[in-house]
Number of protein chains: 2
Amino acid sequence: MIELSKAEFEVLDALWLNYPATASQIIERLSDDKQWHEKTIKTLLGRLVKKGALSFEKDGRQYIYTPCMERAEYTLKESQNFIERFFSGRIAPLVSGFAKSEQLSQQDINELKKVIDDWEKQQK
Amino acid sequence: MIELSKAEFEVLDALWLNYPATASQIIERLSDDKQWHEKTIKTLLGRLVKKGALSFEKDGRQYIYTPCMERAEYTLKESQNFIERFFSGRIAPLVSGFAKSEQLSQQDINELKKVIDDWEKQQK
DNA sequence: AAAGTTTGATTACAGGTGTAATCTTAAGTT
DNA sequence: AACTTAAGATTACACCTGTAATCAAACTTT
């Protein structure tokens, strides 16, 4: 699995919002939440390319970046990894931990029920 | 939140198995899964103490270590953090991702149902 | 054409991390 | 008491990360 740092992920996440995109578009998107210097973001883009998380095409002197994977694919792998490390690969203990500490809202419960429902339909 | 590295967490996790414990006991426990040098584990114990994740008492020339927090407490915080970063704080999308990629077993589903059930009872 | 601007490339640098080796010193052994 | 261990403390060192500044080249503007 490609290992991304926190900051690298946030840059990639800004690209996932809408791609392909240029560095300046990504910088623009990040400017709302982050106070990162433009240079910092460029560095992170370079590292993402080096790690194989992004590819780019040249357009004049600009690069037009595209993620090499989908967000869902990446977050799924990260989730598996996380759950493996902290909960021996089982997902229920994670949810259970949230429940016990009153971190679950009725909306969360409804959404979870729907996920279960859909899963069961899928199994026919 | 105390930030622990992967390796640090694994050492702490070995301590959580049964504590208080000495360095050599922890090293013994880790020897099954890891091929870490004894010195490496000692280094990690030192870093854990420095970060405030462990405390110790002296017993002759040995230290007897105790975690400064419970495993459930730590994993809950890590989970919140994880879910915040990747799923904007909502838990269902994580579970949904697993479901869509067929990572959920009937057992997982049953466990999740039980968590939901317990939660609902709790709300009376 | 010269000068300025903008883009990516290269360099910087401190603190964290994995992975130990070496040093000190107190405790155990003879 | 002298000698040997073994435990923790200190030091090492390369790679990763956050966070840019500087450099070089291409494009724009005058």
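A quick note: this is a predicted structure, and the numbers were derived from the prediction, not measured. Residue numbering restarts at 1 for every chain, and letters A, B, ... go by the order of the sequence lines. Only this structure's heavy atoms are used, side chains among them; waters, hydrogens and symmetry mates stay out.
- Side chains of Glu111(A) and Gln107(A): a donor on one and an acceptor on the other come within 3.5 Å.
- Taking atom CH2 on Trp36(B) and atom P on dG18(C), their separation rounds to 8 Å, with Å as the unit.
- Distances were taken from every side-chain heavy atom of Lys39(B) (C-beta onward) to each of dC23(C), dA12(D), dT17(D); the shortest belongs to dC23(C).
- If you check every strand for non-hydrogen atoms under 4.0 Å, Thr43(B) touches a base.
- Proximity of Lys51(A) to the phosphate of dT17(D): a side-chain N or O atom is located under 4.0 Å from OP1 or OP2.
- Separating the CD1 atom of Ile27(B) from the C1' atom of dT19(C) is a distance of 14 Å, rounded to the nearest angstrom.
- Proximity note for Ser5(A) (side chain, C-beta onward) versus dG18(D), dG8(C), dA7(D): the nearest is dG18(D).
- Phe56(A) places its CZ atom 6 Å from the P atom of dA9(C), with the value rounded to the nearest Å.
- Distance, Arg61(A) CZ to dA9(C) P: 13 Å, rounded to whole Å.
- Between the side chain of Arg47(B) and the base of dT10(D) there is no donor-acceptor pair of N/O atoms closer than 3.5 Å.
- Here Lys34(A) lies out of heavy-atom contact (under 4.0 Å) with every strand.
- Nucleic acid contact class of Thr22(B) (heavy atoms, under 4.0 Å, all strands): none.
- In this structure, CD of Gln62(A) is placed 11 Å from P of dC27(D), rounded to the nearest angstrom.
- Proximity note for Tyr63(A) (side chain, C-beta onward) versus dA9(C), dT17(C), dA9(D): the nearest is dA9(C).
- Note on ring orientation: taking the six-membered ring where Trp is involved, the planes of Tyr63(B) and Tyr65(B) are perpendicular (angle over 60°, cut-offs 30° and 60°).
- If you take CG of Leu45(A) and P of dA20(D), they are 15 Å apart, rounded to a whole angstrom.
- Side-chain contact, Glu70(A) with Tyr74(A): no donor N or O sits under 3.5 Å from an acceptor N or O.
- Gln106(B) and Asn110(B) are linked by a side-chain donor-acceptor pair at a separation below 3.5 angstrom, with hydrogens and angles left out of the test.
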